[in-house]
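Positions are given from 1, in the same order as the sequence printed here. Numbering of ligands and ligand atoms starts at 1, following listing order.
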Amino acid sequence: MIRSVVRGFGASLPKRVMTNSELEEKVDTSDEWIVQRTGIRQRYIAGEGETTASLGEAAARAALANAGLTAADLDVIILATSTPDNTFPATAVNIQNRLGMHHGAAFDVQAVCSGFIYAVTTADAYIRGGLAKRVLVIGAETFSRILDWNDRTTCVLFGDGAGAIILEAQEGKGTTADRGVLTTQLRSDGAHREKLYVDGGPSTTGTVGHLRMEGREVFKHAVGMITDVIEAAFEATGTTADDLDWLVPHQANRRIIDGSAKKLGIPLEKVVVTVDLHGNTSAASIPLALSVAASDGRIKKGDLVLLEAMGGGFTWGSVLLRW
Ligand code: UT7
């Protein structure tokens with residue numbers, strides 16, 4: 001049986017760090033409120049010349065170096081983003097060109113904060129379906145460019161960054177002892193689309209628009225939706241929370257992360273948390289967190305790792321993989 005195995009990982013952050021105390025000067029907020037309600041202490045903000053494509057390219061180059069590969073070895077690039085450089089072409093083709101890759105295919109996937117889960121699921125389907133041997137999966141965002149910097153209920157929450165993994169076809173035995181992606185679970189429900197959205201777009205206002213969120217409403221649904229897709233991953237593979245080495249959640253809010261882990265009986269020592277450092281970087285948050293925990297030696301070859309996310313749409317999903 002063909003499995004999609006992680007061959008390399010990498011990440012990239014903008015140069016500029018913005019602390020909570022800097023935000024106190026922009027809007028009526030406080031470091032204490034932000035830390036207590038979200039766990040966020042700082043975020044990175046893209047500066048001049050830094051875009052989703054440049055951050056994505058840097059993360060991709062880091063992943064290629066980590067894998068000991070070059071762009072010539074890739075078949076497909078899938079970029080998860082909701083903050084493309086342009087409405088079209090896809091930012092993935094910009095990254096493809098920046099990497100000097102002129103073969104294969106590159107495209108964007110848009111599922112907001114669940115984007116990386118959707119992109120990994122797509123890559124896994126390409127690999128298992130025999131359409132590609134190596135897929136570069138990137139999550140890259142510049143949410144700072146769609147924030148309303150006068151709206152304290154949203155501007156304190158988000159940040160910019162990029163992370164990437166390379167998935168490679170490898171033969172497995174078809175058991176949960178295999179390395180690679182073991183199951184993917186995707187969900188969406190457009191009935192919730194107005195709880196977290198951008199109030200602009202090419203076919204409506206002809207403008208880019210700004211992020212709008214009913215935070216409390218999103219929060220209310222988050223833990224239930226996350227638990228749903230994690231339980232579905234356990235059921236599909238016959239695994240339990242006890243088998244997990246690491247939970248790498250989407251990094252939106254420390255309270256959501258802790259609440260979900262507690263509900264599932266996953267000890268907090270097994271949860272990778274980077275929301276304090278990066279804020280919510282939407283589709284970039286999971287690959288950024290993976291990169292941090294794999295670089296510092298926490299996530300090791302053979303570890304059972306569970307990824308999950310929930311966000312605008314609503315979309316939500318999980319990926320269970322053996323690193
Ligand atoms: O990644 C995609 C998914 N997104 C999420 O998962 C976000 C989910 N939502 C959340 O994380 C939380 O709902 C927030 C962090 C956005 C807000 O936390 P909360 O505990 O739900 O606060 P709240 O919205 O109920 O607001 C509590 C109070 C309000 O004041 P009143 O009405 O009680 O007087 C807000 O106006 O906090 C006020 N407030 C702030 N105060 C200081 C809202 N934003 C701020 C702020 N600084 N930045």
Side-chain angles (χ1 to χ4, degrees), residues 18-43 80-83 110-119 139-144 146-161 163 187-190 192-198 210-230 248-261 263 271 273-289 307-318:
M18 186 184 279
T19 60
N20 290 349
S21 51
E22 271 181 77
L23 283 162
E24 287 174 0
E25 287 157 30
K26 287 182 189 287
V27 286
D28 181 16
T29 191
S30 65
D31 175 54
E32 192 192 358
W33 188 95
I34 301 171
V35 172
Q36 264 184 13
R37 300 282 176 142
T38 72
I40 299 167
R41 294 182 182 276
Q42 61 169 47
R43 74 284 294 140
T81 191
S82 298
T83 45
Q110 214 275 51
V112 205
C113 296
S114 313
F116 191 72
I117 300 287
Y118 272 66
E141 302 279 17
T142 44
F143 260 52
S144 65
I146 55 162
L147 293 175
D148 174 351
W149 285 97
N150 296 312
D151 175 10
R152 69 173 184 173
T153 69
T154 53
C155 77
V156 305
L157 303 173
F158 294 90
D160 304 333
R187 308 271 189 277
S188 64
D189 183 355
H192 301 287
R193 69 196 178 282
E194 283 170 4
K195 296 189 176 99
L196 172 49
Y197 70 107
V198 169
H210 290 112
L211 182 149
R212 306 290 173 207
M213 177 166 73
E214 291 174 41
R216 213 175 302 186
E217 278 296 307
V218 180
F219 196 105
K220 236 169 56 187
H221 288 87
V223 174
M225 289 179 162
I226 290 164
T227 324
D228 156 42
V229 283
I230 292 183
V248 184
H250 168 50
Q251 311 282 323
N253 186 318
R254 181 77 210 227
R255 287 152 59 210
I256 296 175
I257 295 172
D258 291 357
S260 316
K263 198 164 164 203
V271 184
V273 179
T274 52
V275 70
D276 52 332
L277 301 172
H278 303 151
N280 182 347
T281 57
S282 192
S285 89
I286 292 174
L288 267 169
L307 319 177
E308 58 81 355
M310 179 269 180
F314 291 149
T315 54
W316 64 110
S318 67

Exercise answer: donor-acceptor pairs, residues 23-34 side-chain atoms, under 3.5 Å, sequence neighbours excluded:
| residue | atom | partner | partner atom | Å |
| --- | --- | --- | --- | --- |
| Glu24 | OE2 | Asp31 | N | 2.7 |
| Ser30 | OG | Trp33 | N | 3.0 |
| Asp31 | OD1 | Asn20 | ND2 | 2.9 |

Donor-acceptor pairs under 3.5 Å, side chain of residues 215-222 to any protein atom, not counting sequence neighbours: which ones?
| residue | atom | partner | partner atom | Å |
| --- | --- | --- | --- | --- |
| Glu217 | OE2 | Lys220 | NZ | 2.8 |
| His221 | ND1 | Glu217 | O | 3.0 |

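For Asp189, the salt bridge (Lys or Arg N to Asp or Glu O under 4.0 Å) test picks out no residue, with sequence neighbours left out.
Checked by atom type and distance alone, the side chain of Thr81 pairs as donor or acceptor with a backbone atom of Ala140 at under 3.5 Å. Remark: side-chain polar atoms of Gln42 are not paired, donor with acceptor, to backbone N or O of Ile40 under 3.5 angstrom.
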Can you list every pair where an N/O of ligand 1 is under 3.5 Å from an N/O on the protein?
| residue | atom | partner | partner atom | Å |
| --- | --- | --- | --- | --- |
| ligand 1 | 1 (O) | His250 | NE2 | 2.9 |
| ligand 1 | 1 (O) | Asn280 | ND2 | 2.7 |
| ligand 1 | 9 (N) | Gly215 | O | 3.0 |
| ligand 1 | 11 (O) | Asn253 | ND2 | 2.7 |
| ligand 1 | 13 (O) | Gly215 | O | 3.1 |
| ligand 1 | 20 (O) | Arg37 | NH1 | 2.8 |
| ligand 1 | 20 (O) | Arg255 | NH1 | 3.2 |
| ligand 1 | 20 (O) | Arg255 | NH2 | 3.2 |
| ligand 1 | 22 (O) | Arg37 | NH1 | 3.4 |
| ligand 1 | 25 (O) | Arg216 | NE | 2.7 |
| ligand 1 | 25 (O) | Arg216 | NH2 | 3.0 |
| ligand 1 | 36 (O) | Arg152 | NH2 | 3.1 |
| ligand 1 | 37 (O) | Trp33 | NE1 | 3.2 |
| ligand 1 | 41 (N) | Trp33 | NE1 | 3.3 |
| ligand 1 | 41 (N) | Arg152 | NH1 | 3.4 |
| ligand 1 | 47 (N) | Thr29 | OG1 | 2.7 |
| ligand 1 | 48 (N) | Thr29 | OG1 | 3.1 |
| ligand 1 | 48 (N) | Arg152 | O | 2.9 |

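Side-chain N/O atoms of Glu141 and Thr83 include a donor and acceptor closer than 3.5 Å.
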